[in-house]
Amino acid sequence: MEEKFWQEEEAEAAKNSPFLTRNASSNIAISQFSVAELAALKDKSAFGSSEKLKSRKLIDQLFNEGKSVSRNGFTLVYLFVPLATQFPIQAAFSVPKRNYKHATDRNRIKRLMREVWRKNKWPLYELLTQQQKQLAIMWVCKSKELPDYSIAEKTILHLLEKLKSKLA
RNA sequence: AGUUGCAAGUGCUCUAUCGCUUCGGGAAACCGGGGAGGAAAGUCCGGACAACAUAGAGCACCGCACCACCUAACGGGUGGGGAGGACACACAACGUUCUUACAGAUAGUGCCGCAGAAAAUAACCGCCUCGGCUUAGCCGUGGCAAGGGUGAAAACGUGCGGUAAGAGCGCACGCAUCGUUGUAGCAAUGCAGCGGUGGGGUAAACCUUGCGGGUUGAAAGCCAACGUACAUCAGCGCUUGAGGGCUGCUCGCCCGAUUGUUCGUUGAGGGGUGUGGCGUUUCAGGUACUGCGUGAGCAGUAUCGCAGAUAAAUGAUAGGGGUUCGCCUUGGCGAAAACAGAAUCCGGCUUAUAGCUUGCAACAUUUU
RNA sequence: GGUUCCGUAGUACAACGGAUAGUAUGAGGGUUUCCGGAGCCCUAGAUUCAGGUUCGAUUCCUGACGGGACCA
């Protein structure tokens, strides 16, 4: 009884751990979505945990090796790297403490960026799925003043266009 | 009724759509619950919890300091006492209200600029005695500490006696302080009597006395599985030959599991790094009622389950309803809504806080 | 999340609890020079804030505010 429980746990762990899957990729393989599979999900603009960039190691790698585009105090850092997910992109958001002293302001900006990303990520998803590439990205807000939603949306859309043109 | 300040309380709300996180159900799709604060903040105290350390005692270091109580504990709170300020009043007492790090300066040491004679066993001017010169006074000797002046602070206050002049030198009344007796009180302490003292201040200077304190903090700590490289040990195989012996040295020969090196392989096994889980949210828990207590609180009964993320959830859009402000005007339109975001958990303290409510104080106007 | 240190002119540093807070450099003005530099003379400028102890705080104590360092 107990043994069975442990086996299940192992399987669970294997599914969740990105490290494992990468090493044993030839066998278990979480392959990327095909274009058709992705299209089935399109009518929902969800942003689940498997679309979030969480691994400390990957983030360090991203900042060290990644390229970036920036405008208006927003910076987008990106890097092509194999991910342990079916989605083409894992994203994360960051606001440095230097410009915003209060945790409230930092939370506000992160939520704002996440909302804009959630609504505008689909064009990039489709492009990458066609190319069958995976991308890790990090949004950083370095501006001095607290941005409102419309400004953030404008700049982020602009950055996305820039990124698309580089990928194409 | 208004404005300002202080204190306490409160800290906008509902619906829909698209999302996030967690729990439950489900094979899945999905469905249904829960989802920031009074300060979540500062990290200033006190605990719980964990790891390590620990015979006992003392010293050092740090903290606290009127008394009693509350509390798991506290540097927190409650009540009481003393001291000080404000109001009122001719003044005091009583009263109201606010503040209070409030043990010891007679255990010792240090410090007290400038001014002043002197800043701690004081003598400049001054007062007085005696002697000399001389009769205004001056000089010397001794006594005194009333008056003057300096300063933040100058050796109890007033009156009478006393004296050459004076002085708690003596007496009366008063003040402060210490001891003691009585009395009220658990006590701090108050009141009354008797006796002693009247030699400044500073302990948020060193210090003394009493009491308390082991150290480090969830990045504490515990567990799991896997990959990678590695310290170590053991077995087997292969290779190498440090060292020792024979010798003056070299070559050569012998020993070589006692120690050590390299490679392969098998097993044991420790720490490091990345990952996941536990710790991790059920409590010194909230709410209501009853009883006890001046009160902080305590006890009993009933009832509720009320965040749990980990590059880190609690959001966005649209519409409505309250509140405040502005404009037109009695119904619309437009705008605004503070301080601020859980990170192991509790009890306090401190700080920030729009608008509204309540209380107190001050100010000005109106009415009587 | 925790631990710890520090706040003095624009800047870098001084100052037993005691007069009007000092030094260097920078700033402004003057002098010298044909002009500039160097030199010389002069001037302004500060104890992070709020309480408390003391006769008297940059210094001592308490609280706030701000800044830095360390712990994986």
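These numbers come from the heavy atoms of this one structure, side chains and all, not from hydrogens, waters or symmetry mates. Lettering follows sequence order; numbering is per chain, from 1. Quick caveat, the model's predicted, so the values are computed rather than measured.
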Item to complete: Report the nucleotide, chosen from B:A311, B:G341, B:A316, that has the shortest atom-to-atom distance to any side-chain atom of A:E115.
Response: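 Ranking B:A311, B:G341, B:A316 by closest atom to the A:E115 side chain puts B:A316 first.
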
Worksheet entry | A:F80 six-ring centre to A:K133 NZ/CZ under 6.0 Å and within 45° of normal |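 Flagged: A:K133 positioned over aromatic ring of A:F80.
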
Discussion item. Between A:F74 and A:V140, is there a side-chain heavy-atom distance shorter than 4.5 Å?
Written reply: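 When only atoms from C-beta onward are counted, A:F74 and A:V140 do not touch, as no gap falls below 4.5 Å.
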
Discussion item. Just so I know, are the side chains of A:K121 and A:E51 near enough to count as touching, which here means a heavy-atom distance under 4.5 Å?
Written reply: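 They are in side-chain contact.
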
Worksheet entry | Residue list, side chain to side chain contact (heavy atoms under 4.5 Å, CB included) with A:H158, at least two apart or on another chain |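 A:H158 satisfies side chain to side chain contact (heavy atoms under 4.5 Å, CB included) with A:R71, A:K162 only.
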
Worksheet item: OP1 or OP2 of B:U310 less than 4.0 angstrom from a side-chain nitrogen or oxygen of A:K54, does that happen here?
Response: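 Answer yes for this pair, as a side-chain N or O of A:K54 is under 4.0 Å from OP1 or OP2.
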
Item to complete: Return no unless some side-chain N or O of A:T104 is found under 4.0 Å from OP1 or OP2 of B:A340.
Response: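 Indeed not, no polar side-chain atom of A:T104 lies that close.
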
Rounded [atom1] spacing from [N] to [M] in Å:
N	M	atom1	answer
B:A120	B:G95	P	44 Å
C:C61	C:A44	P	35 Å
B:G35	B:U344	P	23 Å

Worksheet item: Is there a residue in residues 106-114 of chain A whose heavy atoms reach under 4.0 Å of RNA chain B, and which residues are they?
Response: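 Residues of residues 106-114 of chain A under 4.0 Å from RNA chain B: A:N107, A:R108, A:R111, A:R114.
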
Discussion item. For A:R118, is the CZ atom crowded, meaning more than 12 foreign heavy atoms sit under 6.0 Å from it?
Written reply: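 Yes, because the 6.0 Å sphere around CZ of A:R118 holds more than 12 heavy atoms from other groups.
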
Worksheet item: Between A:K119 and A:E153, is there a salt bridge with N-O shorter than 4.0 Å?
Response: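 The answer is no: the pair does not qualify as a salt bridge.
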
